Structure formats: C-alpha cells, structure tokens
Visitor: 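Have a look at this one.
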Amino acid sequence: MSTRIKNREGNSITGVSLMCSEVSNSSGLSSRLNPSFGQARPLALAAAAPMRTGGKTTHPAKAIMAGGIAGGIEICVTFPTEYVKTQLQLDERSAKPLYRGPIHCVKHTVQHHGFFGLYRGLSPLLYGSIPKAAIRFGANEFFKNQWRSRHNGSLSKTGSLFCGLGAGVSEAILAVTPMETIKVKFINDQTSAKPRFRGFYHGVREIVREQGFRGTYQGLTATIMKQGSNQAIRFFVMDSLREWYRGGDPNKYINPLITALMGGFAGAASVFGNTPLDVIKTRMQGLEAHKYKSTWDCAVKIWKHEGPKAFYKGTLPRLSRVCIDVALVFVIYDEIVKILNRVYPTE
C-alpha cells in the first residue's frame with residue numbers, strides 16, 4: 001500500500017510502503033496484523049507504554065514498616081551463615097589458614113565458643129537490619145513511584161534496575177556501612193587471643209573513641225558499590241519474575257512459596273554477581289583495614305598476594321545465607337503489606 005506525505009521542506013514523498021494491514025475484530029476495534037507472526041494486535045496497544053514490572057504500587061510508609069519487620073525476623077534466622085562467611089573472608093593467612101572450609105569453621109567456633117559463638121556480632125546486625133530493610137523497601141517504592149510519575153504510570157525493566165540501585169545506595173549510606181563495619185570488627189575481634197569488646201555498646205564506644213565517627217564508616221565506597229549492585233540485581237530479577245508469573249495481571253495472587261522461590265533465585269543472582277565487592281568491603285572494614293590505602297588498593301593487594309580465587313572466598317555460606325535471606329524477606333514483606341493494606345487502605 002502506497003501513500004504520499006510531505007517532508008519538512010514541503011516536498012512530496014511517494015512510495016512509502018506500509019508493511020502491516022488493517023483488519024477488524026469482532027468487537028469492531030481496528031487491529032494491526034503483524035506480518036512476521038500473523039497475530040492480530042489492537043492498534044491501541046501499538047502505542048502502549050513500555051511493559052510494566054514490579055506489580056502494584058505500595059505506599060512508601062507501608063514499605064518502610066513492612067521492610068523493617070521483615071529485616072528483623074530474617075537476620076535472627078540467618079545470622080550463623082553470615083558469621084561463617086565473614087570469618088572465611090577475614091581468614092587471609094594464605095600460609096596457614098585457620099579454617100579449611102565452612103563446616104570446619106562451624107565446628108571450630110562451637111568447640112571453642114559454644115553454639116552461641118555463631119551469634120557473636122548479632123546485636124549490631126540486628127540493630128542495623130531493621131532500619132536497613134526499612135530504608136531499602138521504602139526507598140525502592142519511593143523511586144518506583146517517582147519513575148512512574150515521569151513515565152505515564154509505567155515502570156520499565158530499566159526503571160526497576162535503577163530503582164533497585166537507588167535503594168541499595170540509600171541503605172548503604174544511611175544504615176549498612178556503620179552496621180557492617182561494627183559487625184565485622186566484632187567478629188574479627190573474636191579471633192584474637194584476647195577479645196577486647198565486651199558487648200555492643202562497649203564495642204561501639206571503643207571504636208568511636210579510637211577511630212572517631214569515621215571509624216564506623218570504613219569501606220563506604222565498597223559498601224555503596226556492593227549494596228547498589230545487590231539491590232539493583234535483586235529487585236530487577238524479582239520484579240521481572242513477578243511480571244512473568246502474573247502475565248500482565250498485577251492483581252494475580254502469588255503463593256508465598258512461589259515468592260520464596262523467586263526471592264531465592266534473585267538472591268543467588270546477586271551473590272554470583274557481586275561477591276568480589278563483598279570480599280573487598282569485608283577487608284576494608286576489618287581490624288586490619290589500615291593495611292589498605294583505598295578500595296582499589298585493597299583489590300590490587302588481594303589479587304597480587306592471594307590470587308583471583310580470593311575474591312570468591314565465603315561464596316558458599318554467603319550463597320546459602322543470601323538465598324534464605326532474600327526469600328524470607330520478600331515473603332514476610334509481602335504478607336505484612338497485605339495486612340497493612342487491609343488495616344490501612346491507601347491508593
């Protein structure tokens with residue numbers, strides 16, 4: 001089919017061929033036939049906004065509350081795996097490593113410190129996990145709402161990726177860095193012959209007294225990189241899986257078990273995607289962080305003295321922890337949001 005149009009100079013252009021034909025469906029709506037696949041598609045959809053991801057919107061205040069509760073519950077369940085992961089990453093004595101692997105680390109800790117030795121360093125992580133998860137989910141929903149308001153109510157996959165990145169950077173600056181620094185120092189302190197920290201408040205007081213407030217913000221750059229990539233990957237994968245499962249229907253019910261499986265997959269993707277950054281962050285926050293001039297210097301020295309495999313130390317315990325962590329958090333978060341929607345409905 002040929003038509004005649006005018007360009008900017010007013011000259012006529014002929015011979016423009018339209019590669020699609022118009023057909024009418026039973027309801028009288030005009031449809032465009034895709035010649036490649038032979039499927040009728042309503043014209044209204046041809047100019048539709050990009051595919052949405054992320055499901056229905058959630059009020060940021062609800063996201064903050066639900067995220068905080070979910071984070072507190074999750075960390076109490078998964079902390080022993082976090083403890084083992086951190087110990088393995090700090091065990092940089094290449095000549096005579098203290099631990100032969102995750103199982104040996106657990107046995108050694110229980111033998112010398114009892115079962116609750118696996119929970120050493122829990123208190124700073126628990127105090128930090130509640131605001132961390134609250135900030136993460138609250139910031140993610142805030143950024144999603146802002147994105148939708150600027151893109152005709154649509155959230156593309158690119159938007160989901162950037163909103164997750166914004167959530168990760170927010171939690172890194174406001175909660176994760178001081179929490180992780182204190183946690184790593186507590187766990188590192190246990191490996192010394194004479195542990196110095198008698199408890200959470202005593203440990204924080206000693207760290208601030210010796211190193212100032214900046215002592216709780218060691219490894220900020222590495223933490224921002226780690227958390228930003230973490231949440232960008234997790235929210236992107238989670239939103240994409242939800243969109244795929246719902247088939248475009250944001251109201252379709254998702255069983256908590258399905259949500260858990262999706263969360264575990266999203267967590268695994270983030271582990272394989274950024275464990276090297278996690279190793280660098282841990283080294284930058286340990287008691288021997290003074291050996292490194294910067295994040296880059298830390299990465300170079302690990303590569304030079306320990307080899308590329310060192311960037312994946314603690315991957316197995318981190319993988320087990322993160323998969324359970326992300327699965328639990330998303331399930332608990334979704335269920336709490338449902339309760340909040342019933343108690344306090346918002347649009």
Side-chain angles (χ1 to χ4, degrees), residues 67-93 96-134 175-210 215-216 218-219 223 264 267 271 275 278-279 281-283 285-289 313-329 331-332:
I69 296 172
I73 295 173
E74 172 274 324
I75 197 59
C76 290
V77 175
T78 64
F79 184 79
T81 58
E82 172 67 16
Y83 173 88
V84 173
K85 180 215 72 169
T86 304
Q87 287 284 34
L88 291 176
Q89 290 179 348
L90 290 171
D91 190 25
E92 54 183 310
R93 294 164 285 243
K96 287 187 177 182
L98 180 62
Y99 306 117
R100 296 191 296 270
I103 296 177
H104 178 252
C105 179
V106 172
K107 290 181 177 178
H108 183 275
T109 301
V110 173
Q111 181 180 355
H112 290 83
H113 305 283
F115 174 78
F116 288 103
L118 295 171
Y119 279 87
R120 181 68 185 269
L122 171 65
S123 52
L125 207 60
L126 180 60
Y127 299 150
S129 288
I130 294 175
K132 177 183 76 170
V176 176
T177 301
M179 175 197 72
E180 285 285 307
T181 302
I182 295 170
K183 178 210 72 177
V184 171
K185 290 183 185 297
F186 268 53
I187 293 177
N188 206 173
D189 177 65
Q190 182 177 323
T191 64
S192 61
K194 296 181 178 180
R196 298 169 49 234
F197 305 145
R198 297 191 297 270
F200 175 73
Y201 294 106
H202 176 260
V204 173
R205 187 168 63 249
E206 288 297 303
I207 293 171
V208 173
R209 183 179 65 82
E210 295 176 3
T216 63
Q218 289 179 328
T223 303
V271 168
T275 289
D278 188 44
V279 172
K281 175 201 70 68
T282 300
R283 297 289 180 85
Q285 293 172 332
L287 295 177
E288 298 182 351
K313 279 189 174 182
T315 297
L316 184 59
R318 185 183 181 220
L319 182 65
S320 62
R321 184 193 70 82
V322 168
C323 289
I324 297 172
D325 171 345
V326 180
L328 278 176
V329 165
V331 169
I332 297 171

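Here the structure is a predicted model, which means the values were calculated and not measured.
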Visitor: With side-chain hydrogen bond (donor to acceptor under 3.5 Å, both in side chains) as the rule and sequence neighbours excluded, what pairs involving residues 67-76 come up?
Guide: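 Every pair satisfying side-chain hydrogen bond (donor to acceptor under 3.5 Å, both in side chains) with a residue in residues 67-76: Glu74-Thr78.
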Visitor: Once rounded to the nearest 0.5 Å, what's the spacing between atom CD of Gln218 and atom CD1 of Ile182?
Guide: 10.5 Å
Visitor: Using the rule given for side-chain contact (heavy atoms from CB on, under 4.5 Å), can you reason through Thr109 versus Phe115, listing the C-alpha separation, both sets of side-chain angles and the distance that settles it, and then say yes or no?
Guide: CA-CA 8 Å; Thr109 301; Phe115 174 78; over 6 Å; no
Visitor: Looking only at non-hydrogen atoms, find the nearest pair between Arg196 and His202 and report the distance.
Guide: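 Closest pair (atom of Arg196, atom of His202, distance): O-CE1, 3.2 Å.
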Visitor: Can you name the nearest heavy-atom pair linking Lys313 to Leu88, along with the distance?
Guide: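 Closest approach of Lys313 to Leu88: CD-O, 3.8 Å.
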Visitor: Which heavy atom of Cys323 sits nearest a heavy atom of Gly264, and at what distance?
Guide: SG-O, 3.5 Å
Visitor: Show the nearest heavy-atom pair for residues Tyr83 and Arg120, with the distance to one decimal.
Guide: CD1-O, 3.7 Å
Visitor: Quick one: pull up CG in Leu328 and CD1 in Ile73 and give me the separation to the nearest 0.5 Å.
Guide: 9.0 Å
Visitor: Just jot down the salt bridge (charged side-chain N to carboxylate O under 4.0 Å, His left out) partners of Lys85, sequence neighbours excluded, or say none.
Guide: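 Expected list: Glu82, Asp278.
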Visitor: Looking only at atom types and distance, does a side-chain atom of His112 sit under 3.5 Å from a main-chain N or O of His108, one as donor and one as acceptor?
Guide: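 Present.
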Visitor: Is any side-chain heavy atom of Leu118 closer than 4.5 Å to one of Val106?
Guide: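 They are in side-chain contact.
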Visitor: Of all heavy-atom pairs between Gly267 and Val322, which one has the smallest distance, and what is that distance?
Guide: O-CG1, 3.4 Å
Visitor: For the residue pair Thr181 and Thr216, what are the closest heavy atoms and their distance?
Guide: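 Looking at all heavy atoms of both residues, the closest pair is OG1-O, 3.4 Å.
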Visitor: Going by heavy atoms in the side chains, are Tyr99 and Gln87 under 4.5 Å from each other?
Guide: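 A side-chain contact under 4.5 Å exists here.
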Visitor: Once you round to the nearest 0.5 Å, how far does CG of Asp325 lie from CZ of Phe79?
Guide: 12.5 Å
Visitor: State the NZ-OG1 distance between Lys281 and Thr275, to the nearest 0.5 angstrom.
Guide: 11.5 Å
